[in-house]
J.: 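One structure, pasted below without further comment.
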Amino acid sequence: ARPTLHGVKRTNDDPMDNSDTRGFTISLGETLPRYEVAVMNGENFGPANVSWNPIAGEYGTASVTYEAISCYVSIAHTQVRCTMAPGAGRKHSWTLFVGAQRSRSPTSSYGIPEILGISGAGAFDAHTDGGQVVQLMGRNYGPYPDGIHVTYGEGGREYAAKNCRAISNLVINCTTVPGSGQNLKWRVTVREQTNIDSPTMSYALPAINSITPSSSSTLGTVKSSENIFLNTSNSGLQDVLTTREILFGNHYKILPLSNPLLTASNGGFDVLAFQAPELLSGMKGFDIPISVAVKSGSSLVSIVESNKVL
């Protein structure tokens, strides 16, 4: 009779839906691995402890198939155990081969990726120009060095990290892209499975380094077309999701000039060009603080006040 599978589970009767992508686990203080074993109950598996009843197993989806490392009849006719191979993904259907006959079973899944820690030059106070390495420490990254997709941001999806590679099942290296923001979450996707939560990283806060010229007429510079330049760091000028506003005390909010020849990144700094408005009647014509508000998407990143005044 054709073998029939009724279900797949772990040796402790737990569901087979969170297997380690390495195919084994090692607990703290242990030196030997504990291999992931799938237990399948059913019918017509044949006798146990005989050499003439070879059992083979495979599992996977329409796009990928894994061969179990070893399978054997553990209870005559009704139970087979297989050791799982390294892999990744979810809802894997099982097939057992008993002699020349095959059978399809319920599904099993590897564990979802987990991010447990973040390190590297881009993990804290990252430069808004990007290009810094971030290392994601965790588990269940799978045996596919280039088979991962990594993003990060306020919702975990706004920025796509570059040059991501799974160094091992436990470590991924990525490079940051131009951006801004604080407490950004990371998302790792392997074979349609994505981590639920993660530690966060932050880009460096913006800073105003200098203002040229540092004084202007109370009539402003709009009519005279005179430009004023703020030399800033980490204002996110190379990121299309980041916007900037220049504030004159509590009275004016203006946008930097859009001319890329004037407002541009230069030597690792962001130069913001603007034209000063005419002061309102009754306003003092001195000691007006200049600030820069930097926003990432719809969320305010920070407001940095310069010690320079007009």
Side-chain angles (χ1 to χ4, degrees), residues 1-50 53-99 101-116 137-144 147-148 166 168-172 188-198:
R2 185 184 181 92
T4 301
L5 301 179
H6 298 324
V8 57
K9 59 185 180 180
R10 282 194 165 87
T11 55
N12 62 0
D13 286 337
D14 285 346
M16 204 73 191
D17 59 2
N18 191 29
S19 301
D20 195 292
T21 57
R22 296 172 294 181
F24 63 86
T25 61
I26 298 180
S27 300
L28 185 64
E30 295 183 344
T31 57
L32 297 177
R34 296 184 181 183
Y35 289 96
E36 295 276 14
V37 175
V39 180
M40 283 156 284
N41 294 312
E43 304 172 53
N44 302 318
F45 296 152
N49 302 315
V50 295
N53 184 32
I55 306 293
E58 66 179 31
Y59 54 99
T61 64
S63 59
V64 61
T65 300
Y66 301 100
E67 292 185 4
I69 295 175
S70 62
C71 296
Y72 65 95
V73 177
S74 50
I75 298 178
H77 307 293
T78 62
Q79 188 182 90
V80 167
R81 297 191 177 203
C82 294
T83 301
M84 298 184 70
R90 62 193 180 96
K91 294 185 178 179
H92 294 149
S93 296
W94 277 82
T95 299
L96 281 183
F97 296 88
V98 181
Q101 298 190 85
R102 60 182 293 166
S103 180
R104 187 65 72 172
S105 86
T107 62
S108 64
S109 299
Y110 286 100
I112 65 173
E114 297 179 30
I115 303 175
L116 305 177
M137 287 81 70
R139 62 192 297 262
N140 291 330
Y141 295 151
Y144 314 104
I148 55 176
S168 70
N169 183 71
L170 308 175
V171 179
I172 292 175
V188 172
T189 301
V190 182
R191 295 293 172 93
E192 299 181 352
Q193 294 198 110
T194 304
N195 63 293
I196 297 174
D197 200 4
S198 81

J.: If we only count heavy atoms from C-beta on, is the F45 to L5 side-chain gap below 4.5 Å?
T.: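 They are in contact (side-chain heavy atoms under 4.5 Å apart), so the answer is yes.
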
J.: E114: what forms a side chain to side chain donor-acceptor pair (under 3.5 Å) with it, not counting sequence neighbours?
T.: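 Per chain and number, E114 pairs via side chain to side chain donor-acceptor pair (under 3.5 Å) with R139.
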
J.: To the nearest 0.5 Å, how far apart are CG in N41 and OG1 in T78?
T.: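 Reported to 0.5 Å precision, the distance equals 6.5 Å.
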
J.: Kindly indicate whether the side chain of N140, heavy atoms from C-beta on, has any atom under 4.5 Å from the side chain of V190.
T.: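 N140 vs V190: side chains apart.
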
J.: Side chains of T65 and E58 only: does a donor on one sit below 3.5 Å from an acceptor on the other?
T.: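 No - no donor-acceptor pair under 3.5 Å links their side chains.
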
J.: Starting at SG of C71, measure out to CH2 of W94 and round the result to the nearest 0.5 Å.
T.: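 C71 SG to W94 CH2: 6.0 Å, rounded to 0.5 Å.
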
J.: Shortest non-hydrogen contact from A88 to G142?
T.: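 A88 and G142 have their closest heavy atoms at CB-CA, 4.3 Å.
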
J.: Kindly compute the distance separating CD (E36) from OG1 (T25), expressed to the nearest 0.5 Å.
T.: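 Reported to 0.5 Å precision, the distance equals 6.0 Å.
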
J.: Mind checking side chain to side chain donor-acceptor pair (under 3.5 Å) for S109 and listing every partner two or more places apart, or none if nothing turns up?
T.: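 So S109 forms no side chain to side chain donor-acceptor pair (under 3.5 Å) with any residue.
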
J.: Any side-chain heavy-atom pair from T189 and I148 closer than 4.5 angstrom?
T.: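 No, their side chains stay 4.5 Å or more apart.
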
J.: Can you tell me how far apart OH (Y141) and CD1 (I172) are? Round to the nearest 0.5 Å.
T.: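 Going from the OH atom of Y141 to the CD1 atom of I172 covers 5.0 Å.
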
J.: Quick one: list whatever passes salt bridge (Lys or Arg N to Asp or Glu O under 4.0 Å) with D17, sequence neighbours left out.
T.: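 For D17 there are no salt bridge (Lys or Arg N to Asp or Glu O under 4.0 Å) partners, ignoring immediate neighbours.
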
J.: Is the closest side-chain heavy-atom distance between V98 and R2 below 4.5 Å?
T.: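 Answer no - side chains too far apart.
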
J.: Do side-chain atoms of R10 reach the backbone of P15 as a donor and acceptor pair under 3.5 angstrom?
T.: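 The answer is yes, because a donor-acceptor pair under 3.5 Å joins these two groups.
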
J.: List the residues meeting side chain to side chain donor-acceptor pair (under 3.5 Å) with T61, not counting sequence neighbours, and say none if there are none.
T.: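 With sequence neighbours excluded, T61 shows a side chain to side chain donor-acceptor pair (under 3.5 Å) to S63, given in chain and number order.
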
J.: Just do the side chain to side chain contact (heavy atoms under 4.5 Å, CB included) check on V188 and S198 with the steps written out, would you?
T.: CA-CA 9 Å; V188 172; S198 81; over 6 Å; no

J.: Can you list the residues that meet the side chain to side chain donor-acceptor pair (under 3.5 Å) rule with D14, with sequence neighbours excluded?
T.: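 Testing D14 for side chain to side chain donor-acceptor pair (under 3.5 Å), a comparison that skips the adjacent residues, returns N12.
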
J.: Please evaluate residues Q79 and V73 with respect to the criterion side chain to side chain contact (heavy atoms under 4.5 Å, CB included), reporting the C-alpha separation (whole Å), side-chain torsions for both, the decisive distance (0.1 Å), and the verdict.
T.: CA-CA 6 Å; Q79 188 182 90; V73 177; over 6 Å; no

J.: In the structure I gave you, are the side-chain heavy atoms of E192 and K91 within less than 4.5 Å of one another anywhere?
T.: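 Contact flag for E192/K91 side chains = no.
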
J.: Mark yes when over 12 heavy atoms from residues, nucleotides or ligands other than Q101 sit less than 6.0 Å from its CD; otherwise mark no.
T.: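 More than 12 heavy atoms, drawn from other residues, nucleotides or ligands, come within 6.0 Å of this atom.
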
J.: Write down the atom of M84, the atom of S108, and the distance for their closest heavy-atom approach.
T.: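 Nearest pair, atom of M84 first, then S108: CE-OG, 4.5 Å.
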
J.: Can you tell me if N53 uses its side chain to pair, donor with acceptor, with the backbone of P47 under 3.5 Å?
T.: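 It does hold such a pair.
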
J.: Within this structure, what is the CG-CD1 distance for the pair N18 and I112, rounded to the nearest 0.5 Å?
T.: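 With rounding to 0.5 Å, CG (N18) is 7.0 Å from CD1 (I112).
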
J.: Give, for atom CZ of R191 and atom OH of Y144, the distance between the pair rounded to the nearest 0.5 Å.
T.: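 Output value for this atom pair is 4.0 Å.
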
J.: Cation-pi check for Y72 against R81: NZ or CZ below 6.0 Å from the six-membered ring centre and within 45 degrees of the axis, yes or no?
T.: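 Judged by the rule, R81 and Y72 form no cation-pi pair.
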
J.: P86 and P143: which non-hydrogen atoms are nearest, and at how many Å?
T.: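 Heavy atoms of P86 and P143 come nearest at C-CG, 4.0 Å.
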
J.: Is the side chain of S19 donor-acceptor paired with the backbone N or O of G111 at a distance under 3.5 Å, no angle test?
T.: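 It does not hold such a pair.
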
J.: Please list, chain by chain and in numerical order, all residues satisfying ring pair (Phe, Tyr, Trp, His ring centres under 6.0 Å) with Y110, sequence neighbours excluded.
T.: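 For Y110 the ring pair (Phe, Tyr, Trp, His ring centres under 6.0 Å) partners, ignoring immediate neighbours, are Y66, H92.
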
J.: Indicate the atoms forming the closest heavy-atom contact of Y59 with A85, along with that distance.
T.: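 Where Y59 meets A85 most closely, the heavy atoms are OH-N, 3.0 Å.
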
J.: Please check if the side chain of E43 supplies one atom and the backbone of T4 the other of a donor-acceptor pair under 3.5 Å.
T.: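 No; zero donor-acceptor contacts below 3.5 Å.
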
